[in-house]
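Below: the structure, in structure tokens.
As the structure is a prediction and not an experimental result, all values here were calculated from the model. Proteins get letters first, then strands, A, B, ... in listed order; numbering begins at 1 in each. Just so it is clear, the values below take in all heavy atoms, side chains as well, and ignore hydrogens, waters and symmetry mates.
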Amino acid sequence: DTEVTQTPKHLVMGMTNKKSLKCEQHMGHRAMYWYKQKAKKPPELMFVYSYEKLSINESVPSRFSPECPNSSLLNLHLHALQPEDSALYLCASSQDSGSWNEQFFGPGTRLTVL
Amino acid sequence: GENVEQHPSTLSVQEGDSAVIKCTYSDSASNYFPWYKQELGKRPQLIIDIRSNVGEKKDQRIAVTLNKTAKHFSLHITETQPEDSAVYFCAASLGSARQLTFGSGTQLTVLP
């Protein structure tokens, strides 16, 4: 399996809802990432997990809460989001060894906050 | 931190012509430079990458060149086809930091 999968594909939520985005990979990768991408913009890094430990948090608001239950799964828990949080949320993974790491992206979850 | 600038923001070419997209980076320690293609509504997909110990790499119609002294790298697509139409992102990485800094993207349109 050489794919990163994400669920759901689309999500519409109100500002008071709690929801979770899920990401899964079975490539044996030990680094996993969450990115946020607005329309016509590049992906912006949110979080990096390495060997199931949070290694990078790019000053993301606490209404976004990542979780890495095991080496294949990555979740992003959402609570009290704002309309400006509407975006495509991309998960990625890479081997966490050596100096050069190709990142494989999932198809993304398109989030709309009402 | 690293800063990557990408030009042009839009590029239109006739089918069969070549397309060139250029990026500059700020951190001389960056050592990995991937290029991603993102079609509308799809995920970014790696099309080619280059490491700092190499000056040029080619894969069929796609090539990337790296000038470490000037801190810039370029994507060259020859014999363009309509299916090459997409947004292309360059990126730079410090490798062990596992962080990619992306350029702002180039919307390439290949006119039939």
For this session: Please say whether more than 12 non-hydrogen atoms of neighbouring residues, nucleotides or ligands are located less than 6.0 Å from CD in B:Gln60.
Result: no
Problem set entry | Pairwise distance NZ(A:Lys41) to CZ(B:Phe102) - rounded to 0.5 angstrom | 15.0 Å
Seminar exercise, completed: Residues joined to B:Leu40 in its hydrophobic cluster, side chain to side chain under 4.5 Å directly or through other members, sorted by chain and number, are none
Problem set entry | NZ/A:Lys18: more than 12 non-hydrogen atoms of other groups inside 6.0 Å | no
For this session: Give the cluster check for A:Leu11 versus A:Leu76: same hydrophobic cluster or not, with ILVMFWY residues linked at side-chain heavy-atom distances below 4.5 Å.
Result: yes
For this session: Check B:Phe89 against A:Pro42 and note the closest heavy-atom contact, atom names and distance.
Result: CE2-CA, 3.4 Å
Problem set entry | Rounded distance (nearest 0.5 Å) linking atom CG of A:Leu90 with atom CD of B:Gln38 | 6.5 Å
For this session: Using a 4.5 Å cut-off on heavy atoms from C-beta on, say whether the side chain of A:Lys40 contacts that of B:Gln107.
Result: no
Seminar exercise, completed: Note: vs chain B, highest number of non-hydrogen pairs under 4.5 angstrom among A:Gly108, A:Ala39, A:Gly106 is A:Gly106
For this session: Examine A:Leu73 and A:Trp34 and state if one hydrophobic cluster contains both, with Ile, Leu, Val, Met, Phe, Trp and Tyr joined whenever side-chain heavy atoms are less than 4.5 Å apart.
Result: no
Exercise. In terms of heavy-atom proximity below 4.5 Å to chain B, should A:Gln6 be classed as side chain, backbone, both, or neither?
Worked result: neither
Problem set entry | ILVMFWY cluster, A:Met15 and A:Leu78 together (side-chain gap under 4.5 Å) | yes
Exercise. Side-chain contact, heavy-atom cut-off 4.5 Å: A:Tyr35 with B:Leu100?
Worked result: yes
Exercise. Do B:Tyr32 and A:Glu102 touch side chain to side chain, with heavy atoms closer than 4.5 Å?
Worked result: yes
Problem set entry | Spacing of A:Glu3 atom CD and B:Arg43 atom CZ [to the nearest 0.5 Å] | 5.0 Å
Exercise. Is there side-chain contact between A:Gln103 and B:Tyr36, with at least one heavy-atom pair below 4.5 Å?
Worked result: yes
Exercise. For A:Phe105 and B:Pro44, which heavy atoms make the closest approach, and how far apart are they?
Worked result: CB-O, 3.6 Å
Exercise. Do A:Phe64 and A:Val12 share a hydrophobic cluster, counting only Ile, Leu, Val, Met, Phe, Trp and Tyr and linking them when any side-chain heavy atoms are less than 4.5 Å apart?
Worked result: no
Problem set entry | Same cluster (ILVMFWY, side-chain, under 4.5 Å), B:Val20 and B:Val87 | no
